[in-house]
Visitor: 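Shown below is the structure under consideration.
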Amino acid sequence: MVITHHGGQCFKVTLGDLTIAFDPVAKNGTLPSVRFGSDIALVSRNHPDMNGVAEVTYGDTVPFAITGPGEYERQGVTIQGFLSKSTYGLKKGEESAINTIYNVNLEDMTLVHLGALSDAELPREARENIDEIDVLFVPIGGEGVLTPAAAHELAVALEAKIIIPMHFEGMGEPRALEAFIKEGGNRAERTDKLTLKKKDLAGKEGSILVVSSH
């Protein structure tokens, strides 16, 4: 499995010929739009910064788009979406918006993408159904999503083996990443891409990994 970061909350996960896109950025988003083909596209929040399904439709590749809670299975990948709340990018008069937390199982590993989560605790359904987390993608930028402190507290509570921060470049509060790393005791690794196999998770416990955006 190879994980690359494409700005904001967008991550591309490739496994052999399979490509999954989390929160692809649309053309009218805050950040530059993404452009790659994806077999499965997961959208946590109906906002241009996270719902660029058209941008990961490339050539003959039309993604299976998942845009809300439910249970899904596609190409050997099992996906659960859990209803939660976000206060990111609200329209006038809105108090909160729907955010979907995704629990993805592939190659005997569990990836959890929290989307643009603003609640400091997971909803009950998510807590009851999400077991061991191998890789946790957590928003840290404040301004409608978790603050660095709340993000770190939740990540620790979920006992994720690897914690990947997101929502800190070109969006969110300045220096959110530095604040998040400080919460973690200033222990963090940086990489351009994460190549991961199940055996690589041995001994990992709350490891913060910053994946540079492409």
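Since this is a predicted model, take the numbers as computed values, not measurements.
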Visitor: For the side chain of N99 and the backbone of R45, is there at least one donor-acceptor N/O pair under 3.5 Å apart?
Guide: no
Visitor: Does a side-chain heavy-atom distance below 4.5 Å link L136 with I162?
Guide: no
Visitor: Given the rule in the side chain to side chain contact (heavy atoms under 4.5 Å, CB included) test, do L154 and L117 qualify, once you have shown the distances and angles that lead to the verdict?
Guide: CA-CA 11 Å; L154 179 58; L117 184 70; 3.9 Å; yes
Visitor: Measuring only between side-chain heavy atoms, which start at C-beta, is H113 closer than 4.5 Å to M166?
Guide: yes
Visitor: Which atoms form the tightest heavy-atom contact between P48 and N28, and what is the distance?
Guide: CB-OD1, 3.4 Å
Visitor: Side chains of D192 and T4: does their closest heavy-atom pair fall under 4.5 Å?
Guide: no
Visitor: With N51, which residues qualify under side-chain hydrogen bond (donor to acceptor under 3.5 Å, both in side chains), at least two apart?
Guide: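 Here the qualifying residues are N46.
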Visitor: Apply salt bridge (charged side-chain N to carboxylate O under 4.0 Å, His left out) to K85 and list each qualifying residue two or more places apart in sequence or on a separate chain.
Guide: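 Counting only residues at least two positions away or on another chain, K85 forms no salt bridge (charged side-chain N to carboxylate O under 4.0 Å, His left out).
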Visitor: Would you check, one step at a time, whether the test side chain to side chain contact (heavy atoms under 4.5 Å, CB included) holds for L122 with L114?
Guide: CA-CA 9 Å; L122 294 193; L114 296 179; 3.9 Å; yes
Visitor: I would like to know whether Y102 and I20 meet side chain to side chain contact (heavy atoms under 4.5 Å, CB included); could you show each step before the answer?
Guide: CA-CA 12 Å; Y102 288 108; I20 302 172; over 6 Å; no
Visitor: Using a 4.5 Å cut-off on heavy atoms from C-beta on, say whether the side chain of K193 contacts that of I3.
Guide: no
Visitor: Is the distance between the ring centroids of F11 and F137 under 6.0 Å?
Guide: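 Ring-ring flag for F137/F11: true, centres closer than 6.0 Å.
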Visitor: Can you list, by chain and residue number, the hydrophobic cluster partners of V53 when the side-chain cut-off is 4.5 Å?
Guide: V43
Visitor: Can you confirm whether F36 sits close enough to H6 that some side-chain heavy atom of one is under 4.5 Å from a side-chain heavy atom of the other?
Guide: yes
Visitor: Compare every heavy atom of E169 with every heavy atom of S213, then report the nearest pair and how far apart it is.
Guide: OG-OE1, 2.7 Å
Visitor: Is any side-chain heavy atom of P165 less than 4.5 Å from a side-chain heavy atom of F180?
Guide: yes
Visitor: Would you say V13 ends up clustered with I66 if hydrophobic residues are merged whenever their side chains have heavy atoms under 4.5 Å apart, either directly or through other cluster members?
Guide: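 The answer is yes; both residues are in one hydrophobic cluster.
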Visitor: Would you say that more than 12 heavy atoms from the other residues, nucleotides or ligands in this model lie under 6.0 Å from the CG of L106, or not?
Guide: yes
Visitor: Side-chain heavy atoms nearer than 4.5 Å, only ILVMFWY residues, links allowed to pass through others: does that put I40 and L196 together?
Guide: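 Looking at the clustering, L196 is in the same group as I40.
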Visitor: Atom OG1 of T67 and atom CE of M50: how far apart are they, to the nearest 0.5 Å?
Guide: 14.5 Å
Visitor: Roughly how far, to the nearest 0.5 Å, is the OG1 atom of T147 from the NE2 atom of H152?
Guide: 12.0 Å
Visitor: For residues I208 and L194: do they belong to one hydrophobic cluster (side chain heavy atoms under 4.5 Å, members Ile, Leu, Val, Met, Phe, Trp, Tyr)?
Guide: no
Visitor: Atom CD of residue position E173 - does it have more than 12 heavy atoms of other residues, nucleotides or ligands inside 6.0 Å?
Guide: yes
Visitor: Mind checking salt bridge (charged side-chain N to carboxylate O under 4.0 Å, His left out) for K12 and listing every partner two or more places apart, or none if nothing turns up?
Guide: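 Applying salt bridge (charged side-chain N to carboxylate O under 4.0 Å, His left out) to K12 gives none.
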Visitor: Distance-only, no hydrogens or angles: does the D200 side chain make a donor-acceptor pair with backbone N or O of K197 under 3.5 Å?
Guide: yes
Visitor: Pairs in or reaching into residues 126-141: which pass salt bridge (Lys or Arg N to Asp or Glu O under 4.0 Å), with residues at least two apart or in two chains?
Guide: R124-E128, E132-K161, D134-K161, D134-K198
Visitor: For E121, look at atom CD and say whether over 12 heavy atoms of other residues, nucleotides or ligands are found less than 6.0 Å away.
Guide: no
Visitor: Above 12 or not: heavy atoms from other molecules or residues under 6.0 Å from OH of Y58?
Guide: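 Count not over threshold, so no.
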Visitor: Tell me, do N103 and I79 make a side-chain contact under 4.5 Å, heavy atoms counted?
Guide: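 No, every pair of side-chain atoms sits at 4.5 Å or beyond.
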Visitor: Would you please say whether a donor-acceptor pair under 3.5 Å links the side chains of T110 and N105?
Guide: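 On atom types as modelled, these side chains qualify, holding a pair under 3.5 Å.
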Visitor: Excluding sequence neighbours, so at least two apart, what forms side-chain hydrogen bond (donor to acceptor under 3.5 Å, both in side chains) with T57?
Guide: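 side-chain hydrogen bond (donor to acceptor under 3.5 Å, both in side chains) check on T57 returns nothing, list empty.
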Visitor: Report yes if the distance between the aromatic ring centroids of H47 and Y88 is under 6.0 Å, otherwise no.
Guide: yes
Visitor: Assess the residue pair V112 and I130 against the criterion (side chain to side chain contact (heavy atoms under 4.5 Å, CB included)); give the C-alpha distance rounded to whole Å, side-chain angles, the decisive distance to 0.1 Å, and a yes or no.
Guide: CA-CA 8 Å; V112 173; I130 295 175; 3.9 Å; yes
Visitor: Quick check: closest heavy atoms across S84 and I101, and the distance to 0.1 Å?
Guide: OG-CG1, 3.6 Å
Visitor: Tell me whether D39 contacts the main-chain N or O of T19 through its side chain, where contact means a donor paired with an acceptor under 3.5 Å.
Guide: yes
Visitor: Could you check whether any side-chain heavy atom of V104 comes within less than 4.5 Å of a side-chain heavy atom of L42, counting everything from C-beta outward?
Guide: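 With C-beta onward as the side chain, the pair touches.
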Visitor: Flag yes if V56 and L18 sit in one hydrophobic cluster, no otherwise; membership is Ile, Leu, Val, Met, Phe, Trp, Tyr, and two members link when side-chain heavy atoms are under 4.5 Å apart.
Guide: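 No, V56 and L18 fall in different hydrophobic clusters.
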Visitor: Can you tell me if T100 uses its side chain to pair, donor with acceptor, with the backbone of G81 under 3.5 Å?
Guide: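 No; zero donor-acceptor contacts below 3.5 Å.
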Visitor: What are the two closest non-hydrogen atoms of V210 and F168, and how far apart are they?
Guide: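 Looking at all heavy atoms of both residues, the closest pair is CG1-CZ, 4.1 Å.
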Visitor: Minimum heavy-atom separation for V25 to G7, with atom names?
Guide: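 Looks like CG2-O, 4.3 Å.
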Visitor: More than 12 foreign heavy atoms under 6.0 Å from CD of E95: is that the case here?
Guide: no
Visitor: Any donor and acceptor pair, going by atom type alone, linking the side chain of D23 with main-chain N or O of A41 inside 3.5 Å?
Guide: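 No: the side chain of D23 does not pair with the backbone of A41.
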Visitor: Over all heavy atoms of both residues, which pair between A151 and I140 is shortest? Give the atoms and the distance, please.
Guide: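 In terms of heavy atoms, the two residues are closest at CB-CG2, 3.8 Å.
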Visitor: Does H5 offer a backbone N or O that forms a donor-acceptor pair with the side chain of H214 under 3.5 Å?
Guide: yes
